[in-house]
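Written out below as structure tokens is the structure these notes cover.
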Amino acid sequence: MSKTPADKQATLAEARTRIDSIDQQLQSLISERARWAQQVGRAKGPLKAAVEYYRPEREAQVLRGVIDRNDGPLPNAELVRLFREIMSSCLSQQQPLKIGFLGPEGTFSEQAVRKHFGHAAYGLPLGSIEEVFQEVAAGNADFGVVPVENSGQGMIQMTLDMFLVSKATICGEVELRVHQNLLSLSGELKDVKRVYSHPQSLQQCQGWLRVNLPHVERVPVSSNAEAARTARLSPESAAIAGETAGRVYGLKTVAGPIEDRSDNTTRFLVIGRSIFPPSGNDRTSLLVSVRDKPGALYDVLSPLAKHDISMNRIESRPAHTGKWQYAFFIDVSGHVDDPALQAALEEMKPAAAEVRVLGSYPVALP
């Protein structure tokens, strides 16, 4: 028997009533969680700053539990985002975390801040990656978020170079799916005479630019948000940036997404001033300088294989200690407190000029 419109309306009314009831329960439970978060703060005692209440390993464990319990229909990434915002709001009852990032407002770095710390954290836009490191070191920012790698363009050399001179530690990582858009005041492709963007973004979109704007001037700037801010001053200019930058600076979308790779993803690092305890699924970043002798790199890396430590990544950079001297950035699975990794590090030290642990941190969540 088919349902009448009245039956369908009754079903809709019942569904809405049930949703209202669930919303009330959710609000009550969120408030209860916030009160228990306050109790955690009191149990920790009178700490001096918000950063002393923040425990990324605990957050990672909670969010992994969210994923493990998820049986749909919402995807893991959406549930993680919702719970991240709840935890961010609860933590801000003590005092909002202050997070430095490559500004101005509207950059992909700011999006990475929001993905990792939630919207209750205070974002501190800065003029360069170097400034982010400096503000964290000075204590003016509790943490910083810096880009380190793009899936198509490789490593961000400035970020790696800063670890050669900075004592900052890596406390976390964020993977952000990056969509590039061409933005302008008019929203018309025919009006575009020049394109502003970060050099990495110009590279990520070079194929699209070659086909659609082959004779247009390309102007590199410090960030995509800066590109959007500049493009709003001229009707003949456009910016390559994210949708957020377009909304912030009042630009229309000419085309997008225009990145050449459909899997365009940027990895960001969260930097701070200390190493946190293990979360149960961690990564450790090392900075290793080797002596100039045959087999030096093999001697340094072989203890990792001996102790069954998986190496995820290795990059070399000039060490700034002498001509043709190199430092290696190595990511491995595990936490520096793990006995196997501790043993491997002890065996690496005699073969290396320097072995420095840059950080141990939870592996990125969806």
Side-chain angles (χ1 to χ4, degrees), residues 14-101 110-124 141-145 170-177 244 268 270-283 335 360-366:
E14 289 172 0
R16 287 175 171 168
T17 298
R18 181 59 179 150
I19 287 173
D20 289 344
S21 175
I22 292 171
D23 286 346
Q24 292 175 17
Q25 294 175 56
L26 285 173
Q27 185 173 350
S28 176
L29 289 171
I30 290 171
S31 296
E32 183 180 357
R33 189 192 194 284
R35 286 190 288 271
W36 278 105
Q38 291 176 331
Q39 179 60 37
V40 169
R42 287 191 287 268
K44 289 181 178 179
L47 303 180
K48 295 179 180 179
V51 68
E52 298 183 60
Y53 292 93
Y54 179 65
R55 287 295 175 265
E57 76 284 359
R58 169 62 180 161
E59 280 201 0
Q61 291 165 355
V62 171
L63 294 175
R64 287 187 205 126
V66 169
I67 293 172
D68 291 342
R69 292 189 299 270
N70 185 26
D71 56 3
L74 292 180
N76 288 338
E78 282 300 310
L79 280 178
V80 166
R81 181 178 64 83
L82 289 170
F83 273 82
R84 179 83 75 180
E85 292 295 343
I86 291 171
M87 290 190 290
S88 176
S89 295
C90 290
L91 179 65
S92 70
Q93 293 180 101
Q94 313 299 331
Q95 181 184 345
L97 291 171
K98 186 182 294 185
I99 315 298
F101 65 92
E110 184 182 25
Q111 291 183 36
V113 168
R114 298 308 170 198
K115 181 176 181 180
H116 191 78
F117 290 99
H119 285 73
Y122 175 78
L124 180 64
D142 297 316
F143 297 96
V145 172
I170 303 172
C171 307
E173 63 177 2
V174 190
E175 291 186 0
L176 186 70
R177 180 69 176 83
T244 300
F268 295 82
V270 179
I271 59 172
R273 295 182 291 274
S274 59
I275 295 177
F276 292 89
S279 74
N281 183 20
D282 300 288
R283 195 188 320 278
H335 192 277
S360 287
Y361 47 93
V363 172
L365 291 160

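What you see below is based on every heavy atom in this structure, not just the backbone, and it leaves out hydrogens, waters and symmetry mates. Along the sequence shown, residues carry numbers from 1. This structure is a prediction, so every number in the text was calculated from the model and none was measured.
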Item to complete: Kindly give the heavy-atom pair with the smallest separation between A141 and G100, and that separation in Å.
Response: CB-N, 3.9 Å

Response to the item:
Applying side-chain contact (heavy atoms from CB on, under 4.5 Å) to F276 and not counting sequence neighbours gives R55, P56, E57, F143, C171, S274

Discussion item. If you define the side chain from C-beta out and look only at heavy atoms, does anything of L176 sit under 4.5 Å from F268?
Written reply: yes

Worksheet item: After noting the C-alpha distance and the side-chain angles of L124 and I99, does the key distance pass the side chain to side chain contact (heavy atoms under 4.5 Å, CB included) rule?
Response: CA-CA 6 Å; L124 180 64; I99 315 298; over 6 Å; no

Item to complete: Kindly state each residue pair satisfying salt bridge (Lys or Arg N to Asp or Glu O under 4.0 Å) with at least one member in residues 113-122, sequence neighbours excluded.
Response: none

Discussion item. How long is the straight-line distance from CG of L29 back to CD of Q25, given to the nearest 0.5 Å?
Written reply: 7.0 Å

Worksheet item: For E78, which residues count as a salt bridge (Lys or Arg N to Asp or Glu O under 4.0 Å) partner, sequence neighbours excluded?
Response: R81

Worksheet item: Can you name the nearest heavy-atom pair linking S88 to A121, along with the distance?
Response: OG-N, 3.7 Å

Worksheet entry | side chain to side chain donor-acceptor pair (under 3.5 Å) pairs, two or more places apart, involving residues 26-37 | none

Worksheet item: How would you list, by chain and number, every residue that makes a side-chain hydrogen bond (donor to acceptor under 3.5 Å, both in side chains) with S279, sequence neighbours excluded?
Response: R64, D282

Response to the item:
Here the gap from L365 atom CG to I67 atom CD1, rounded to the nearest 0.5 Å, amounts to 5.0 Å

Item to complete: For residues F117 and Y54, establish whether the separation of their ring centroids is below 6.0 Å.
Response: yes

Discussion item. Taking side-chain contact (heavy atoms from CB on, under 4.5 Å) as the definition, give me every residue that meets it alongside A77, ordered by chain and number, with sequence neighbours left out.
Written reply: P366

Item to complete: Under the side-chain contact (heavy atoms from CB on, under 4.5 Å) rule, collect the residues that match up with L26, sequence neighbours excluded.
Response: I22, D23

Worksheet entry | Test side-chain contact (heavy atoms from CB on, under 4.5 Å) applied to L74 - qualifying residues, sequence neighbours left out | L79, L82

Fill in: Minimum heavy-atom distance between S92 and S89, given as atom pair plus value
OG-O, 2.7 Å

Fill in: For E59, salt bridge (Lys or Arg N to Asp or Glu O under 4.0 Å) partners two or more places apart
R84

Worksheet item: Taking atom CG of L97 and atom NE2 of H116, what is their separation to the nearest 0.5 Å?
Response: 9.5 Å

Response to the item:
Contacts of N281 meeting side-chain hydrogen bond (donor to acceptor under 3.5 Å, both in side chains) (sequence neighbours excluded), chain-then-number -> none

Worksheet item: Which residues satisfy the salt bridge (Lys or Arg N to Asp or Glu O under 4.0 Å) test with E173, sequence neighbours excluded?
Response: R267, R283

Fill in: For N76, the option from D68, L63, N70 that meets side chain to side chain contact (heavy atoms under 4.5 Å, CB included)
N70

Worksheet item: If you look at every heavy atom in V145 and A112, which pair is closest and at what distance?
Response: CG1-CB, 3.9 Å

Worksheet item: Of the non-hydrogen atoms in T244 and Q111, which two are nearest, and what is the gap between them?
Response: OG1-NE2, 3.5 Å

